[in-house]
Structures are given as structure tokens and as C-alpha cells.
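Some notes on the structure that comes next.
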Protein chains: 2
Amino acid sequence: MSNDTPHTAPNPLQQLDNQLCFPLYALSRMVTKAYQPLLQELDLTYPQYLVFLLLWEHQELTVKELGDKLLLDSGTLTPLLKRLEQKHWISRRRDPRDERSVIIGLLPAGRALQERACKVPEQVFAQLDMSPTEFEALRQQLRHLLTHLA
Amino acid sequence: MSNDTPHTAPNPLQQLDNQLCFPLYALSRMVTKAYQPLLQELDLTYPQYLVFLLLWEHQELTVKELGDKLLLDSGTLTPLLKRLEQKHWISRRRDPRDERSVIIGLLPAGRALQERACKVPEQVFAQLDMSPTEFEALRQQLRHLLTHLA
DNA sequence: AAAAAATTAATTGCACACAATTAAACATTA
DNA sequence: TAATGTTTAATTGTGTGCAATTAATTTTTT
């Protein structure tokens with residue numbers, strides 16, 4: 001132990017390689033990047049794509065419902081949805097039965113995107129180099145953690 | 001099949017619940033949120049904390065090396081590092097042997113943060129409700145995917 | 001019904017992320 | 001060595017994320 005190393009002894013728990021959080025954070029961004037060239041063809045960002053996945057499934061959802069499902073708040077969703085509205089892909093209107101809520105609906109151009117996007121999931125999966133079994137196991141483990149933390 | 005449902009038949013691969021990307025994206029944000037109250041005490045954001053994890057381990061790193069390890073580019077790192085410099089936690093100087101590189105070093109106040117942060121990993125782990133075995137398995141699986149994708 | 005509490009979006013301000021471009025320094029090649 | 005190409009940060013512009021606040025509406029309580 002020479003005294004030209006005055007810094008604290010390394011704490012293994014404080015090393016990046018031993019963190020769970022970092023691979024989660026980095027992998028999430030890398031997967032988003034894997035989507036990017038495919039989504040660019042559709043003029044969509046990744047969070048915008050997630051909104052459409054929900055709208056293609058449910059036709060109409062309030063901002064609240066979108067936020068609950070995506071774990072995003074109005075500070076993120078409101079400007080994102082306004083950009084989609086400007087492109088005439090979605091509609092935004094107050095719920096007449098509860099004027100607090102804003103209902104997001106699909107416009108024809110937004111619905112038409114679904115067909116163009118249908119190949120996206122398998123194309124990303126192909127880049128992942130995972131067996132369907134591994135894929136399913138990891139998906140369930142992540143979802144389990146998510147429900148425990150959210 | 002009634003004709004008041006003019007929309008396309010749902011594609012299972014286009015349902016949010018069947019995606020791997022979404023739990024990854026959402027869990028990553030939730031885990032970052034779990035760090036937030038702990039890091040707030042240190043006046044740190046999560047990506048700033050990651051920078052310090054590396055600096056506590058290596059004392060000095062170039063912006064390039066930080067970017068390679070964190071998978072972040074200068075567009076993200078430069079302003080982040082300038083904020084840390086303004087707090088007198090790190091130093092930024094050109095490498096005299098290669099004036100293209102900027103060397104990031106720890107200042108005393110930045111080094112002193114390590115001790116205050118040493119409990120953070122275990123406190124976050126406690127919130128995760130996972131066995132160490134599960135933790136380790138997931139960590140390695142995520143790292144494996146990351147190296148395949150990055 | 002009136003007052004208080006809760007719910008829903010929007011807004012504001014700050015900090016990432018990242019694509020694309022620029023500029024400086026260094027390396028390689030003709 | 002001069003020209004070309006590469007590497008490294010910084011810059012610019014757009015789009016999230018999110019904490020905190022605000023404003024309008026609805027619900028609950030008194």
C-alpha cells in the first residue's frame with residue numbers, strides 16, 4: 001500500500017460493472033436506437049411509437065390512460081401528443097362527460113401507420129440474437145420487476 | 001366479425017404487453033426514479049452519478065473514455081461535465097500530449113462525494129425485492145445483450 | 001347547496017439523449 | 001512535406017422525461 005494512492009479503497013458495489021442499473025439504462029437506450037432507423041421511415045420517435053401501439057389496440061384513450069400504461073406524465077405526453085396532432089395522425093378533444101379528461105383518438109393517417117409498422121417488432125427482434133425462449137423469460141422477469149417497482 | 005369495427009385485426013406482436021422493449025424502457029426509468037431521492041441528497045442526477053462511479057474508480061478519464069464506457073456522446077457529456085465543473089467537483093483540461101482530448105479529473109469535493117454515496121447501491125437494491133441470485137442472473141443477461149447490441 | 005378535497009391536463013424550467021455539423025488536432029499517405 | 005483522412009470535443013436543434021406549479025373540473029364532505 002503505497003502512499004501515492006491517497007484515494008479511498010474501491011467499493012465493489014460502487015463499480016459500474018457490478019451495477020444492475022447501468023446495463024438496464026444502457027440497454028434500454030441501445031434497444032431504442034435499434035428501433036430508430038425503422039421508425040425514422042415512419043417519421044416516428046420511439047415514445048410516439050409506443051403511443052401508437054396503444055392506440056392501434058384501443059382506438060381511443062385518455063391522456064390519463066396513456067400515462068398509466070406508459071408510466072409517463074402529462075409533462076411528457078402533452079407536447080408529444082400535440083406534435084402528433086399537428087401531423088393530423090391523432091385527434092385531441094375533451095371528454096364531454098368529464099371535461100377534465102382529454103380523449104386521444106386515431107385519425108385515418110394514424111391508423112394507416114399500423115400496416116407500415118407491422119414488421120418493426122420482428123426486425124428488431126432479429127437484431128437481438130436471442131432465442132424466443134430467452135426472449136420470453138427476460139420479458140417476464142422485467143415485467144415482474146416493473147410491477148414491483150411501479 | 002361485425003362491420004362496426006373497421007380497424008385492422010390486432011397483430012399480437014404490435015401489442016405493448018408482448019414487447020420486450022417497453023418493460024426495458026419503463027423499468028429503466030423506474031429504477032432511475034428509485035435512485036432519485038438518494039441522489040438528490042448529494043445534489044446529483046443519475047447520469048452524473050454514473051460519471052462519478054467511473055471517476056472514483058479511475059481518478060482520471062477523457063471525455064472519449066467516459067463516452068465509450070457509458071455509451072454516451074459528447075452532445076450529452078459536454079454540458080453534463082460543464083455543470084459538474086461549475087460545482088467544482090471535477091476538472092476539465094486538454095491532454096498536453098493530444099490536444100484533441102479533454103481529461104476529466106476529480107477535485108477534492110468530487111472525491112469526497114464517494115463516501116456519502118457508498119450506501120446508495122444497497123439502498124436501491126433493497127427496494128428491488130430480488131434475491132442476490134436473481135440479481136446476478138439478470139445483470140449478466142442484460143450485460144450479455146448489451147455487448148451484443150453495442 | 002356550500003366548502004373542501006381530489007382528479008386531470010397543461011405549463012414551466014431543467015437536464016438529459018442524440019443526430020448532424022463544425023473545428024481543431026493528429027495521423028496517414030502520396 | 002503537402003494533401004488527405006481520421007479522431008476528438010464542442011455546438012446546434014429537436015424531442016423526450018420529470019418535478020413542481022397552476023387551473024379547471026368533478027367528487028366528497030359538511
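Letters A, B, ... are given to chains in the order of the sequence lines, protein chains preceding strands, and every chain is numbered from 1. In this text the structure is predicted, and so the values were computed from the model without any measurement. Note that these values count all heavy atoms, side chains included, but never hydrogens, waters or copies made by symmetry.
Under 4.0 angstrom from either OP1 or OP2 of D:dA9 there lies at least one side-chain N or O belonging to B:Thr62. Here A:Lys82 reaches the OP1 or OP2 of C:dT11: one of its side-chain N or O atoms lies under 4.0 Å away. Residue A:Thr78 places at least one side-chain N or O closer than 4.0 Å to OP1 or OP2 of C:dA10. Remark: A:Thr32 is not in phosphate contact with D:dT16, judged by side-chain N or O atoms under 4.0 Å from OP1 or OP2. In terms of phosphate contacts, B:Arg94 brings no side-chain nitrogen or oxygen within less than 4.0 Å of OP1 or OP2 of C:dA25.
Each of A:Arg29 and A:Ser74 was matched to the nucleotide of DNA chain C holding its nearest heavy atom; the match closer to the 5' end belongs to A:Ser74. Place A:Val102 and A:Lys33 on DNA chain C by their nearest nucleotides, and A:Val102 ends up nearer the 5' end.
Heavy atoms from other residues, nucleotides or ligands lying under 6.0 Å from CD of A:Gln127 number more than 12. Taking a 6.0 Å sphere around NZ of B:Lys119, one finds it holds 12 or fewer heavy atoms contributed by other residues, nucleotides or ligands.
Under the 4.5 Å side-chain criterion, counting only non-hydrogen atoms from C-beta, A:Glu57 is not in contact with A:Lys69.
Salt-bridge formation is detected for the pair B:Glu136/B:Arg139: a Lys NZ or Arg NE/NH1/NH2 atom is positioned less than 4.0 Å from an Asp or Glu carboxylate oxygen. B:Glu60 and B:Arg93 are joined by a salt bridge, as a carboxylate oxygen and a charged side-chain nitrogen come within less than 4.0 angstrom of each other.
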Could you go through nucleotides 13-16 of chain C and list every protein N or O atom that sits under 3.5 Å from one of its N or O atoms, giving the distance for each pair?
residue	atom	partner	partner atom	Å
C:dC16	OP1	B:Thr45	OG1	2.6
C:dC16	OP2	B:Gln48	NE2	2.8
C:dC16	OP2	B:Arg83	NE	2.9
C:dC16	OP2	B:Arg83	NH2	3.0
C:dC16	O5'	B:Arg83	NH2	3.1

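Looking only at distances, no side-chain donor or acceptor of A:Gln15 sits under 3.5 Å from a matching main-chain atom of B:Leu53.
In this structure, of D:dT27, D:dT8, C:dA19, it is D:dT27 that holds the atom nearest to the side chain of A:Arg100.
Within 4.0 Å of B:Ser101, counting heavy atoms only, lie sugar-phosphate atoms of the nucleic acid but no base atom.
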